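For the single chain, residues carry numbers from 1 onward in sequence order. Small disclaimer: the values here were computed from a predicted structure and weren't measured.
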Amino acid sequence: MDFWILYRLQELHNGFLDGLMTGISFLGNAGWFWIVLTILLLCIPRYRKSGIVMALALILDLCICNLALKPLVARERPCWIDPTVKLLLDMPTDYSFPSGHSAASFAAAAGLFFYHRREGSAALIVASLIAFSRLYLFVHFPTDVLGGILTGLLCAYLARAITEKAGKYRASEKKKRNKGRYFKKRDIFR
């Protein structure tokens, strides 16, 4: 089934789509687009919390997807199995499952979506295009992309949960410190 979908997508190739999909896929290379966006959002107070979640989600994604799952599953890429399909980009050298482009894209985009729906929706559209480009370019199977999407969403969810828990802990610690200061000042005036 995976190859059937990939071969049908090969029928869509034309000069315009080839250029567009290659450019869109480039946005996901090494997660650079999402890393730059995360850094920018960390610099803007209104978006800082989502930037923190995005950064943590990308770190979790790197650990889970690239360092754990890819070597563990060690799935060959479709372009390795069928080298007759002309590639529009350099032959990838790492394993196929899950799609790192898809995982990083959905980790960052979902992290933004949790706190800023409009901007997050736009990010999810970009993430979806990046994921689709990996199929169009014949470097991932559909199940790789689906696995990447699910991994990315899981990383975003975990990053949000960790960030919220840390925020609540910091708030309670600050409250305790402030309460202690209040009583100390009050004791001075007695």
Side-chain angles (χ1 to χ4, degrees), residues 24-73 75 94-135 140-186:
I24 288 171
S25 183
F26 172 73
L27 294 175
N29 288 355
W32 77 264
F33 174 79
W34 302 109
I35 293 167
V36 169
L37 180 62
T38 298
I39 292 168
L40 289 173
L41 295 180
L42 286 168
C43 296
I44 303 169
R46 177 173 179 242
Y47 293 97
R48 190 162 293 138
K49 191 171 190 177
S50 58
I52 291 168
V53 170
M54 291 167 69
L56 183 55
L58 287 170
I59 292 167
L60 289 171
D61 166 61
L62 173 68
C63 296
I64 294 170
C65 179
N66 294 66
L67 300 179
L69 289 176
K70 278 186 182 252
L72 182 68
V73 176
R75 184 180 193 186
D94 61 336
Y95 289 114
S96 191
F97 183 88
S99 165
H101 279 64
S102 303
S105 297
F106 276 86
L112 179 56
F113 183 80
F114 287 141
Y115 299 101
H116 302 280
R117 299 283 191 219
R118 187 181 67 216
E119 296 89 339
S121 296
L124 286 169
I125 290 169
V126 173
S128 298
L129 288 171
I130 290 172
F132 177 77
S133 76
R134 305 305 283 171
L135 301 173
H140 279 293
F141 291 107
T143 47
D144 299 336
V145 168
L146 180 60
I149 291 169
L150 294 175
T151 302
L153 293 174
L154 173 66
C155 290
Y157 175 81
L158 291 173
R160 182 177 128 188
I162 292 167
T163 303
E164 292 294 328
K165 185 109 172 149
K168 287 179 184 175
Y169 177 78
R170 277 185 51 210
S172 71
E173 287 299 308
K174 186 176 180 181
K175 190 175 181 181
K176 286 178 191 176
R177 282 193 311 270
N178 288 341
K179 188 175 183 180
R181 285 183 194 155
Y182 172 74
F183 285 117
K184 288 177 186 172
K185 288 179 184 175
R186 193 171 160 199

Checklist entry - Who passes side chain to side chain contact (heavy atoms under 4.5 Å, CB included) against Ile35, sequence neighbours left out? => result Ile39, Leu58
Checklist entry - How many angstroms lie between atom CG of Leu124 and atom CD1 of Ile149, to the nearest 0.5 angstrom? => result 10.0 Å
Checklist outcome for this item: For Leu56 and Thr163, the nearest pair of non-hydrogen atoms, with its separation, is CD2-OG1, 4.0 Å
Next on the checklist: Taking ring-ring contact (aromatic ring centres under 6.0 Å, His included) as the definition, give me every residue that meets it alongside Phe141, ordered by chain and number, with sequence neighbours left out.
Outcome noted: Phe3
Checklist entry - For the atom pair OG1 (Thr151) and CG (Asn66), what is the distance rounded to the nearest 0.5 Å? => result 10.0 Å
Checklist entry - With a 4.5 Å heavy-atom cut-off, do Ser128 and Phe106 have their side chains touching? => result yes
Item to check | Taking every non-hydrogen atom, the tightest pair across Ala107 and Cys155 | outcome: CB-CB, 4.3 Å
Checklist entry - Which residues pass the side chain to side chain donor-acceptor pair (under 3.5 Å) test with Thr38, sequence neighbours left out? => result none
Item to check | Closest heavy-atom pair and its distance - Leu69, Pro98 | outcome: CB-CD, 3.6 Å
Next on the checklist: To the closest 0.5 Å, what do you measure between OH (Tyr115) and CD1 (Ile52)?
Outcome noted: 9.0 Å
Item to check | Shortest non-hydrogen contact between Gly100 and Cys65, atoms and distance | outcome: CA-SG, 3.9 Å
Next on the checklist: Checking Leu41 against Glu119 for the side-chain contact (heavy atoms from CB on, under 4.5 Å) test, could you report, in this order, the C-alpha distance in whole Å, the side-chain angles of both residues, the deciding distance, and whether it holds?
Outcome noted: CA-CA 11 Å; Leu41 295 180; Glu119 296 89 339; over 6 Å; no
Item to check | Stepwise side-chain contact (heavy atoms from CB on, under 4.5 Å) check, His101 with Asn29 | outcome: CA-CA 7 Å; His101 279 64; Asn29 288 355; 2.9 Å; yes
Checklist entry - Will you find, in the side chains of Arg134 and Ser102, an N or O donor that is under 3.5 Å from an N or O acceptor? => result no
Checklist entry - Which pairs with one or both residues in residues 96-118 pass salt bridge (Lys or Arg N to Asp or Glu O under 4.0 Å), sequence neighbours excluded? => result none
Item to check | Cation-pi check, Arg160 onto Phe114 ring (under 6.0 Å, within 45° of axis) | outcome: yes
Next on the checklist: Just so I know, are the side chains of Arg75 and Thr143 near enough to count as touching, which here means a heavy-atom distance under 4.5 Å?
Outcome noted: yes
Item to check | Pairwise salt bridge (Lys or Arg N to Asp or Glu O under 4.0 Å) hits with a residue in residues 48-72, at least two apart | outcome: Lys49-Glu164, Lys70-Asp94
Checklist outcome for this item: Of all heavy-atom pairs linking Val53 and Gly111, the shortest is CG1-CA, 3.8 Å
Item to check | side-chain contact (heavy atoms from CB on, under 4.5 Å) partner of Val145, the single match among Ser133, Ser99, Ser96 | outcome: Ser99
Checklist entry - So which pairs with a foot in residues 30-67 pass ring-ring contact (aromatic ring centres under 6.0 Å, His included), sequence neighbours left out? => result Phe26-Trp32, Tyr47-His116
Item to check | Close side-chain approach of Pro142 and Leu135, heavy atoms under 4.5 Å | outcome: yes
Checklist entry - If you measure from CG on Leu60 to CG on Leu158, what distance do you get to the nearest 0.5 Å? => result 6.0 Å
Item to check | Check: Leu154 and Leu150 side chains under 4.5 Å, non-hydrogen atoms | outcome: no
Next on the checklist: Quick check for you: to the nearest 0.5 Å, what is the distance between Ile130 atom CD1 and Ile24 atom CD1?
Outcome noted: 8.0 Å
Next on the checklist: To the nearest 0.5 Å, what is the distance between CG on Leu146 and CZ on Phe97?
Outcome noted: 8.0 Å
